[in-house]
Amino acid sequence: MWIYVFMNISNRTSTGKECKKNFSRQLEKDGFNKLYSNLYIRYCYSMANALVHKKRIMEAICGKCQISVVVVDDKHNEASYHYFGRKQKRKNDEILLKKPDLIDFF
């Protein structure tokens, strides 16, 4: 099971900044990894473990903020993709991405 935590906390006020900092710190303390600026992710071995972490998240919510918790099983998570940056194409890429030749054994 994977837990995705999406948060929408305002950075415009000092209380919002403090709330976001404390909530992010609590998520990292609980074992979540920061995937994007407002998205944290964690792997759980069972649904019972995921529910425990969901309960901890609900206890850590403060102030006026929007938090979404999504629990996804492994079958659905393998269809998700995350891209970090984009690599420019070089001249050597065509050679590197060329399909390998089959080896003749006989």
So if you build clusters from Ile, Leu, Val, Met, Phe, Trp, Tyr with side-chain heavy-atom gaps below 4.5 Å, do Ile61 and Val69 land together? yes
Heavy-atom pair with the smallest gap, counting every atom of Met1 and Tyr43: O-CD1, 3.3 Å
For the pair Cys65/Cys19, is the SG to SG distance below 2.5 Å? no
Group every Ile, Leu, Val, Met, Phe, Trp and Tyr by side-chain heavy-atom contacts under 4.5 Å, then state whether Ile67 and Val71 land in the same group. yes
In short, Arg42 meets Asp30 closest at the heavy-atom pair NE-O, 3.0 Å
Measure the CG-CD1 distance between Asn49 and Ile3 for me, rounded to the nearest 0.5 Å. 7.0 Å
Pair Ile57, Leu27 - check side-chain contact (heavy atoms from CB on, under 4.5 Å), show working. CA-CA 7 Å; Ile57 292 167; Leu27 287 175; 3.9 Å; yes
How close do Ser37 and Met7 get, heavy atom to heavy atom, and via which atoms? O-CE, 4.1 Å
Would you call Glu18 and Lys21 a salt bridge, taking side-chain N to carboxylate O under 4.0 Å as the test? yes
Flag the pair Arg25 / Lys29 as yes when at least one side-chain heavy-atom distance between them is below 4.5 Å, and no otherwise. no
Inter-residue atom distance Thr15.OG1 - Lys20.NZ, 0.5 Å rounding: 13.5 Å
Ignoring hydrogens, what is the shortest heavy-atom contact between Ala60 and Gln26? Give both atom names and the distance. CB-CG, 3.6 Å
Non-hydrogen side-chain atoms of Glu28 and Tyr40 separated by less than 4.5 Å: yes
Joint hydrophobic cluster, Tyr45 plus Met47, side-chain heavy atoms closer than 4.5 Å: no
If you group Ile, Leu, Val, Met, Phe, Trp and Tyr by side-chain heavy-atom gaps below 4.5 Å, do Trp2 and Met58 land in one group? no
Are Phe32 and Ser24 packed together at the side-chain level, in the sense that at least one heavy-atom pair is separated by less than 4.5 angstrom? no
Taking atom OG of Ser68 and atom CG of Asn38, what is their separation to the nearest 0.5 Å? 11.0 Å
Scanning both residues in full, the closest heavy-atom pair of Ala50 with Cys44 reads CA-SG, 3.8 Å
Identify whether Leu35 and Phe23 are in the same connected component of the hydrophobic contact network (ILVMFWY, side-chain heavy atoms under 4.5 Å). no
